[in-house]
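Here the structure comes first, spelled out in structure tokens, and everything after it is commentary.
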2 protein chains.
Amino acid sequence: MKITINDVAKAAGVSKATVSRVLSNSERISDDTKRKVNDVIKNMGYIPNATARNLAKNSTKTIGIVIPMDAGSYFYNDFYIKLMQGISSLAQKKGYYIMYAFGNDKDEDKVIKDLCSKGVVDGIIMLKTEQDDKTINYLADRKFPFVVIGKPLEDNNVLWVDNDNFKIAYDLVCELIKNGHKKICFIGAQEKWMVYQERIKGYKKALEDNNIQYDTNLVYCGEEFSDETGLAGIKEVLSKSDPTAVIAIDDLVAVGINKYFNMNSIRDKALIGFNNTMLANYQAPSISSVEIYGDKLGYYAAELLVNHLEKIDDASNYKIIDSKIIYRQTYNSIIKRQ
Amino acid sequence: MKITINDVAKAAGVSKATVSRVLSNSERISDDTKRKVNDVIKNMGYIPNATARNLAKNSTKTIGIVIPMDAGSYFYNDFYIKLMQGISSLAQKKGYYIMYAFGNDKDEDKVIKDLCSKGVVDGIIMLKTEQDDKTINYLADRKFPFVVIGKPLEDNNVLWVDNDNFKIAYDLVCELIKNGHKKICFIGAQEKWMVYQERIKGYKKALEDNNIQYDTNLVYCGEEFSDETGLAGIKEVLSKSDPTAVIAIDDLVAVGINKYFNMNSIRDKALIGFNNTMLANYQAPSISSVEIYGDKLGYYAAELLVNHLEKIDDASNYKIIDSKIIYRQTYNSIIKRQ
DNA sequence: TTGAAAGCGCTAACAG
DNA sequence: CTGTTAGCGCTTTCAA
């Protein structure tokens with residue numbers, strides 16, 4: 001039989017209100033009774049029922065996350081898992097539970113609406129980096145607490161976390177230039193996405209600041225984040241120019257480029273991808289990449305949300321996560337390829 | 001202001017019991033009032049409060065999953081995501097929510113205990129394939145509903161789903177033999193794990209049934225599921241024997257073997273991994289692998305659990321998931337390697 | 001500092 | 001078929 005707060009109260013010879021106070025560590029309670037009640041609790045192995053507490057407090061202490069499952073995001077498994085880890089880490093620290101749901105293309109907002117209207121979660125983290133503002137608006141309108149991963153187009157008090165994609169690209173290009181590279185190729189995809197736009201901006205600015213002329217022949221932007229994009233991109237660029245270093249917007253794209261280099265025994269070009277997936281690490285040669293710390297993104301997204309839920313004032317409504325270049329074999333220009 | 005069942009009752013001119021009945025689609029209610037109440041519900045935009053319902057029904061309609069985060073499982077991201085997708089798919093169909101938590105090495109059982117004692121979930125799915133029976137016993141003792149992914153050592157009414165690792169290996173070896181292979185190498189890891197034991201059994205049986213002598217020189221079992229294991233394993237096997245086909249217990253192990261083949265320009269050996277991860281697909285040459293359908297494992301695990309929760313009699317307490325060989329470049333013995 | 005009592009929003013006997 | 005009435009287990013005024 002389940003043991004409730006009443007059982008404890010009876011056994012301890014106090015009212016259940018007192019037990020409740022002990023549970024929530026209320027100030028206004030004598031050390032004596034506190035000790036007494038805690039003993040009983042321990043002895044009986046009493047565990048408060050979360051549902052009842054939730055109902056009484058009108059909060060669930062749980063965070064909802066919606067994992068996008070649109071075509072292609074299959075490739076971001078690594079990233080999503082890392083996000084989830086980060087979220088989980090903060091949640092455990094703060095005593096929150098996490099609910100997840102996969103949003104299929106069509107019913108993604110249905111899932112979100114369900115989650116936030118049925119009172120099963122206190123707030124939501126949207127894992128989608130390229131969020132449609134429809135959902136953001138929906139949540140904002142209802143004043144439902146949420147944070148997005150990926151800077152939203154209009155930052156009007158929306159809570160968000162993101163890398164500074166401009167700076168990431170800027171720093172990377174500067175670093176390459178410092179290492180003697182002058183003709184640096186950039187192969188991207190999804191022109192409309194912020195990730196692309198910010199990174200290409202950083203790329204351009206870095207060239208400018210180093211007095212290197214921007215050359216459209218060195219830039220390619222394909223459709224999908226895929227190895228085919230990499231293959232097609234590098235092929236096209238090489239037909240018009242001769243870079244010494246290549247930046248790919250994603251490791252998968254970099255894999256395509258790497259393949260092309262291998263097939264054509266091109267061994268004098270540096271290659272750097274983004275997102276530091278397993279894929280990059282286990283290629284031959286191993287592909288350098290930029291780690292964007294998905295776990296941190298998740299952790300701070302959760303922190304932003306929880307602070308908001310608990311009315312703790314954050315200095316700001318967003319958080320920028322750092323990044324790091326992971327140097328592997330392809331970082332050098334002269335690579336021993338099979 | 002939030003609108004409750006009382007508001008609806010008042011507006012519809014009925015009792016809240018009636019509204020509740022309409023909500024749960026009770027039989028014993030006239031079509032007239034049903035329509036009337038539903039209209040009001042729609043008009044007012046009423047959404048029942050899940051927490052209150054949970055408390056009243058003493059069930060939460062949510063499934064808990066614990067994702068193992070011990071060292072090394074990093075490499076199974078793909079697999080876990082697929083499991084989660086499958087679970088999510090069934091859950092959405094049946095109207096269940098899903099709660100997840102990462103179990104760090106030390107506090108994994110703490111997480112589980114918390115989940116099942118606080119009444120936040122109705123049942124648990126354990127994603128750990130090689131489960132410690134400690135946790136299983138704990139849950140079984142408390143009669144807390146759960147299912148494990150991966151056949152437990154002792155199948156005493158525990159609910160579980162798994163691939164038939166014996167059969168997978170058996171079929172694969174038979175297939176290779178049918179294709180003319182006679183010297184088939186098996187490179188595994190984690191000797192104590194069921195996965196290894198079952199597959200090696202299947203391997204042996206297939207040889208036996210095809211009148212091929214089992215040769216210990218063709219078998220290697222390393223420590224970790226890693227590319228190093230693959231490298232070390234194939235090196236050792238090749239020093240003693242000369243297989244025409246190599247089976248690796250995991251894609252990551254296969255990657256190591258592939259690397260060795262590439263480095264040494266070995267192009268006359270077939271290579272097949274397990275788990276069909278992205279890793280295998282994007283190697284050069286692309287590595288053949290056995291798809292084990294993580295999503296199905298998750299889906300049926302959830303189905304088993306939900307049926308149990310809803311007292312729907314399943315024919316059996318477990319479910320075997322099929323598998324499929326994914327043929328890629330390394331399936332052929334003569335491979336064009338870079 | 002503690003207790004009594006009124007909910008939180010919904011479900012489920014039990015009557016009618 | 002529908003309403004009344006207890007709860008579900010906990011929190012939180014309001015008094016004492």
If you only use heavy atoms from C-beta on, which nucleotide in [options] is closest to the side chain of [X]?
X: A:Lys57; options: D:dC10, D:dT11, C:dG9; answer: D:dT11
X: A:Arg53; options: D:dC10, D:dG3, C:dT2; answer: D:dC10
X: A:Thr18; options: C:dG3, D:dC10, C:dC10; answer: C:dG3
X: A:Ile29; options: C:dC10, C:dT2, D:dC8; answer: C:dT2
X: A:Leu55; options: C:dG3, C:dA5, C:dG9; answer: C:dG9
X: B:Arg21; options: D:dT11, D:dG3, C:dC10; answer: D:dG3
X: B:Ala17; options: D:dT12, D:dT4, D:dG7; answer: D:dT4

Rounded distance (Å) that lies between atom [atom2] of [N] and atom [atom1] of [X]:
X: B:Lys16; N: D:dA6; atom1: NZ; atom2: P; result: 12 Å
X: A:Lys10; N: C:dG3; atom1: NZ; atom2: P; result: 14 Å
X: A:Ile5; N: D:dG7; atom1: CD1; atom2: P; result: 18 Å
X: B:Ile47; N: C:dG9; atom1: CD1; atom2: P; result: 14 Å
X: B:Asn58; N: D:dG9; atom1: CG; atom2: P; result: 7 Å
X: B:Lys61; N: C:dC10; atom1: NZ; atom2: P; result: 17 Å
X: B:Asn54; N: C:dC8; atom1: CG; atom2: P; result: 18 Å
X: B:Lys118; N: D:dC8; atom1: NZ; atom2: C1'; result: 19 Å

**Whichever of B:Ser30 and A:Asn6 has its nearest DNA chain D nucleotide further upstream toward 5'** =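 Here B:Ser30 is the residue nearer the 5' end.
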**Message:** Nearest 0.5 Å, please: how far is CG in B:Leu305 from CD1 in B:Ile63?
**Reply:**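 If I round to the nearest 0.5 Å, the distance is 5.0 Å.
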**Message:** Testing the basics here: between B:Val37 and B:Ala12, what is the closest heavy-atom pair and its distance to 0.1 Å?
**Reply:** CG2-CB, 4.3 Å
**Nearest heavy atoms of B:Phe79 and B:Ile292, plus distance in Å** =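 The pair with the smallest heavy-atom distance is CE1-CD1, 3.7 Å.
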**Asked** So, is A:Ser15 near the phosphate of C:dG3, with a side-chain N or O under 4.0 Å from OP1 or OP2?
**Response** yes
**Message:** With a 4.0 Å cutoff (strictly under), does any side-chain N or O of A:Ser20 reach OP1 or OP2 of D:dT11?
**Reply:** yes
**Message:** Quick check: do B:Pro68 and B:Leu127 have side-chain heavy atoms less than 4.5 Å from each other?
**Reply:** yes
Checking all strands, does [X] fall into the base, sugar-phosphate, or nothing category for heavy-atom contacts under 4.0 angstrom?
X: A:Val19; answer: nothing
X: A:Asn49; answer: sugar-phosphate
X: B:Thr33; answer: sugar-phosphate

**Asked** Should the ring pair B:Tyr100 and A:Tyr100 be called parallel, tilted or perpendicular, given that the plane angle runs from 0 to 90° and is split at 30 and 60?
**Response** tilted
**Prompt:** Charged N to carboxylate O under 4.0 angstrom, A:Glu303 versus A:Lys296?
**Reply:** no
